[in-house]
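Take a look at the structure below.
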Amino acid sequence: MNAVRTSPDQWISDLELITMAAKAAGERALSFFRKNPDVQWKNEGRSPVSEADYAANDILKEKLLTARPNYGWLSEETDDDEARLGCDTVFVVDPIDGTRAFIAGKEVWCVSVAVVHLGRPVAGVLFAPALDELFQATLTGDALKNGMPVTVRTENETVLRIALAEETVRLLEHGYRAGVSRIAHVPSLAYRIAMIADGRIDGTIVKKNSHDWDLAAADLILERAGGALFGLDGQPLSYNRPNVRHTVLCAAAMPVLPALIAASQGLDGH
């Protein structure tokens with residue numbers, strides 16, 4: 001393994017670095033927003049990628065790896081290099097989370113950047129430039145939104161606001177459904193998890209095949225806000241593995257999470 005310093009001050013310094021880089025990448029992406037950027041299709045035509053994704057990725061890679069050349073690199077828009085598996089600490093990046101929304105001119109998209117150390121995020125940033133929103137967290141201290149602490153919703157509510165697809169509701173445990181109010185689709189997965197962190201919604205279910213870059217930064221932000229992102233086994237996620245895809249996941253405030261996981265067991269395999 002390629003070892004690095006691991007003091008709390010290192011992660012605070014890394015947070016400053018990834019915040020700077022995410023803002024620069026977000027501003028670059030914003031320069032393409034609602035200006036008909038060139039779009040290509042990848043993953044056998046299932047996933048769009050725009051010239052803004054690539055431009056933002058270039059900025060992130062240059063700024064981050066110049067500053068931390070001994071860190072590994074994992075990005076949605078860079079061919080995977082297994083050299084990252086030999087690194088204790090890795091940048092995990094999605095230059096635009098919510099590319100479909102970006103292309104459609106919708107504002108809910110963000111730049112997602114995390115520092116992952118020994119499989120878990122230790123610093124994370126989500127920057128949504130079209131909304132002028134910045135979420136940040138490290139292993140210590142509060143989750144922040146535009147510099148102010150945020151927490152999950154803690155009121156004892158009889159109806160939970162859960163972000164999930166309509167067809168997913170039918171797969172939930174029958175008795176649980178009556179206490180759920182489904183909110184409208186949120187196109188950026190990372191931003192959807194951030195909405196739990198700042199208390200706008202209570203939870204979400206993540207379909208299988210999400211990736212490290214969709215989740216790592218938002219995972220830490222939610223954790224520091226009083227919530228968690230777990231698999232159906234009730235365990236936290238591990239990042240920077242050979243396989244960067246994940247199974248069905250649940251994210252919520254900690255008091256809400258066990259019941260959501262229990263009600264979601266029927267989603268396994270869907």
Side-chain angles (χ1 to χ4, degrees), residues 46-47 94 97-101 104 106-110 112 121 126 128 131 133 135 143 145 150-239 244-270:
R46 295 189 302 271
S47 303
D94 193 343
D97 186 75
T99 296
R100 290 178 186 272
K106 299 177 182 177
E107 295 178 336
V108 183
W109 53 274
C110 62
S112 175
L126 299 176
L131 298 170
E133 293 179 1
F135 295 85
K145 179 182 180 181
V150 291
T151 61
V152 297
R153 197 166 70 132
T154 56
E155 296 91 343
N156 185 13
E157 300 287 345
T158 56
V159 177
L160 299 176
R161 296 172 296 180
I162 306 291
L164 71 173
E166 191 167 0
E167 63 270 18
T168 304
V169 177
R170 296 192 293 272
L171 298 172
L172 293 176
E173 189 273 323
H174 180 73
Y176 189 82
R177 294 180 220 165
V180 169
S181 173
R182 189 180 73 86
I183 72 157
H185 175 63
V186 180
S188 163
L189 173 53
Y191 189 84
R192 190 195 322 164
I193 295 171
M195 290 174 67
I196 306 169
D198 71 10
R200 280 179 284 174
I201 62 175
D202 296 297
T204 191
I205 297 170
V206 182
K207 294 180 178 180
K208 66 179 180 180
N209 291 327
S210 59
H211 296 79
D212 280 10
W213 49 75
D214 302 311
L215 302 167
D219 186 342
L220 180 61
I221 291 164
L222 178 58
E223 178 185 309
R224 299 310 305 170
L229 173 68
F230 285 173
L232 295 183
D233 59 359
Q235 297 300 310
L237 308 189
S238 179
Y239 298 98
V244 300
R245 294 176 183 265
H246 296 269
T247 58
V248 177
L249 310 171
C250 293
M254 284 305 292
V256 174
L257 189 57
L260 180 61
I261 291 173
S264 302
Q265 294 298 319
L267 276 73
D268 198 16
H270 287 272

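Counting begins at 1 with the first residue of the sequence. Only heavy atoms go into these numbers, but all of them, side chains included; no hydrogens, no water, no symmetry mates.
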Side chains of [X] and [Y], heavy atoms from C-beta outward: is any pair under 4.5 Å?
{"X": "Ile193", "Y": "Leu126", "result": "no"}
{"X": "Val186", "Y": "Met195", "result": "yes"}
{"X": "Ile201", "Y": "Arg192", "result": "yes"}
{"X": "Trp213", "Y": "Asp97", "result": "no"}
{"X": "Asp212", "Y": "His246", "result": "yes"}
{"X": "Leu237", "Y": "Leu215", "result": "yes"}
{"X": "Leu257", "Y": "Cys250", "result": "yes"}
{"X": "Leu172", "Y": "Ser264", "result": "yes"}

Closest non-hydrogen atom pair, [X] against [Y]:
{"X": "Val152", "Y": "Ala253", "value": "CG2-CB, 3.5 Å"}
{"X": "Ala218", "Y": "Ala190", "value": "CB-O, 3.7 Å"}
{"X": "Ala263", "Y": "Tyr176", "value": "CB-CG, 3.4 Å"}
{"X": "Ala251", "Y": "Ile196", "value": "O-CD1, 3.5 Å"}
{"X": "Glu107", "Y": "Leu131", "value": "OE1-CD2, 3.5 Å"}
{"X": "Ser112", "Y": "Ala217", "value": "OG-CB, 3.5 Å"}

Kindly compute the distance separating [atom1] ([X]) from [atom2] ([Y]), expressed to the nearest 0.5 Å.
{"X": "Lys207", "Y": "Thr168", "atom1": "NZ", "atom2": "OG1", "answer": "4.5 Å"}
{"X": "Leu249", "Y": "Leu229", "atom1": "CG", "atom2": "CG", "answer": "5.0 Å"}
{"X": "Gln265", "Y": "Leu232", "atom1": "CD", "atom2": "CG", "answer": "5.0 Å"}

Spell out, as yes or no, whether a donor-acceptor pair under 3.5 Å connects the side chain of [X] to the backbone of [Y].
{"X": "Asp202", "Y": "Arg161", "value": "yes"}
{"X": "Thr204", "Y": "Ala163", "value": "yes"}
{"X": "Arg245", "Y": "Lys208", "value": "no"}
{"X": "Glu133", "Y": "Lys145", "value": "no"}

Flag if over 12 foreign heavy atoms under 6.0 Å of CD, Glu167: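 Correct, the count exceeds 12.
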Test side chain to side chain contact (heavy atoms under 4.5 Å, CB included) applied to Val180 and Val169, step by step: CA-CA 9 Å; Val180 169; Val169 177; 5.6 Å; no
